There are 2 protein chains.
Amino acid sequence: MNDAIQLRSPASTDLNAIFAALADPTRRAIVARLVDSDATVAELMQPFSISQPAISKHLKVLERAGLVSRGRDAQRRPCHLEAQPLAEANAWLERYRAVWEENFSRLDLLLESMKSEPLKAGRKTGKRRKTSQR
Amino acid sequence: MNDAIQLRSPASTDLNAIFAALADPTRRAIVARLVDSDATVAELMQPFSISQPAISKHLKVLERAGLVSRGRDAQRRPCHLEAQPLAEANAWLERYRAVWEENFSRLDLLLESMKSEPLKAGRKTGKRRKTSQR
DNA sequence: TATGTATATAACCATCTGGTTATAAAAGAA
DNA sequence: TTCTTTTATAACCAGATGGTTATATACATA
């Protein structure tokens, strides 16, 4: 995936849109709803007290992030949840699993992450491991 | 975690800030850098061609999301990566693992997610699985 | 054809974001 | 004290975001 320094790789751009899309509770609720089944705009609108255009805007954000695709059924434009962007976001977070799981030591994580995906953000000139004590 | 319908639960608010913080490539790179070790603002600034105040702003966003905590070492304010928000974001995505892993069927996922965390976004009045024809 | 239904678009608004430059503040060093 | 280093804050800007209302479009049906 190659994140870190060069900020404009296509994959990185995707992650921008994906995380941004997930940063809104209405959109997360829409994603949650679509796990169950495809749904029309009207159906997605139902649980919320916001206008239909607002929902359409949210759907466009989800579409741009690749999280939702649209079909066509007469006037309706049924929404379908796409898996891949969720997998991408998960993959990014997965690299830091060791941070929140106590099984690994910091050093283990470093080696682990270098093996799977060279982070190369470092350039740690001084490499002070304990810059302070918090 | 209780997401979906009521949009302003504290946990939901956290996810907003967490995902929003991760939606920027500079901030994701900072997170990646901090996995290795704590770092000062100057150290974090180094790989980027943006100003120091810009970095300070990014750090404030990460702090608000709980992803980074700050220490004190003379003039320096070393940054430390906090695990919990990453775990929270991961936990949210984890609920949809079955969506991108073909092992589960859709129905399996539904049961799975209901067991672990009642989604209750549905209110599926008609429970039409295929919105396409009606 | 006219009407109703489902969705999208336009125009607008307030607020947030990500950047800038200039300046302030905090702390060690001379 | 004065200078230097490190970080934060203020003021500003352009553009995005999330909402609104009003209107247009696309299609089905009476």
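Here is the naming used below: chain letters follow the sequence lines, and residue numbers restart at 1 for every chain. Please read all numbers here as calculations on a predicted model, not as lab measurements.
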**Report entry** B/S/- contact track for nucleotides 25-30 of chain C, protein heavy atom under 4.0 Å
**Finding:** --BS--
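Taking OG1 of B/T26 as the start and CZ of B/R28 as the end, the distance is 9.0 Å to the nearest 0.5 Å. Between the CG atom in A/L86 and the CH2 atom in B/W100 there is a gap of 6.0 Å [rounded to 0.5 Å]. To the nearest 0.5 Å, atoms CG (B/L15) and CG (A/D24) are separated by 11.5 Å. The CZ atom of A/R97 sits 7.5 Å away from the CG atom of A/N90 when rounded to the nearest 0.5 Å.
The separation between A/M45 atom CE and D/dG19 atom P is 14 Å, rounded to whole Å. As rounded to whole Å, 14 Å separates atom P of C/dA8 from atom CD1 of A/I50. In this structure, B/Q52 atom CD and C/dA24 atom P are separated by 15 Å, rounded to whole Å. The interatomic distance linking A/D24 (CG) with D/dG19 (C1') rounds to 11 Å, in whole Å. Taking atom CG on B/N16 and atom P on C/dC16, their separation rounds to 13 Å, with Å as the unit. What separates CZ of B/R27 from C1' of C/dC16 is a distance of 11 Å, to the nearest Å. One interatomic measurement links the two molecules: CG of B/D38 to C1' of D/dT6, which rounds to 17 Å at whole-angstrom precision.
Remark: A/A23 engages B/F19, B/A20 in a side-chain contact (heavy atoms from CB on, under 4.5 Å) (not counting sequence neighbours). In this structure B/Q75 satisfies the side-chain hydrogen bond (donor to acceptor under 3.5 Å, both in side chains) test with no other residue, sequence neighbours excluded.
Taking 4.0 angstrom as the limit, A/R70 places none of its side-chain polar atoms (N or O) nearer than this to OP1 or OP2 of C/dT7.
DNA chain C is contacted by B/P53, B/A54, B/K57, B/H58 of residues 53-66 of chain B, taking any non-hydrogen atom closer than 4.0 Å.
In plain terms, the two heavy atoms of B/A21 and B/L62 that are nearest each other are CB-CD2, 4.1 Å. Between A/G71 and A/R77 the shortest heavy-atom distance is O-NE, 2.9 Å.
Under the 4.5 Å side-chain heavy-atom criterion for ILVMFWY residues, a single connected hydrophobic cluster contains both B/L67 and A/V99.
Salt-bridge annotation for B/R95 and B/E88: absent, with no side-chain N of the basic residue lying under 4.0 Å from a carboxylate O of the acidic one.
Annotation: side-chain hydrogen bond (donor to acceptor under 3.5 Å, both in side chains) contacts involving residues 58-67 of chain A, sequence neighbours excluded, comprise A/R27-A/H58.
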Requested in this report: State the dot-bracket string of DNA chain C. Criteria: Watson-Crick or G-U wobble, both atom distances under 3.5 angstrom; notation: ( ) intrastrand, [ ] crossing earlier pairs, | interstrand, . unpaired.
Outcome: ||||||||||||||||||||||||||||||
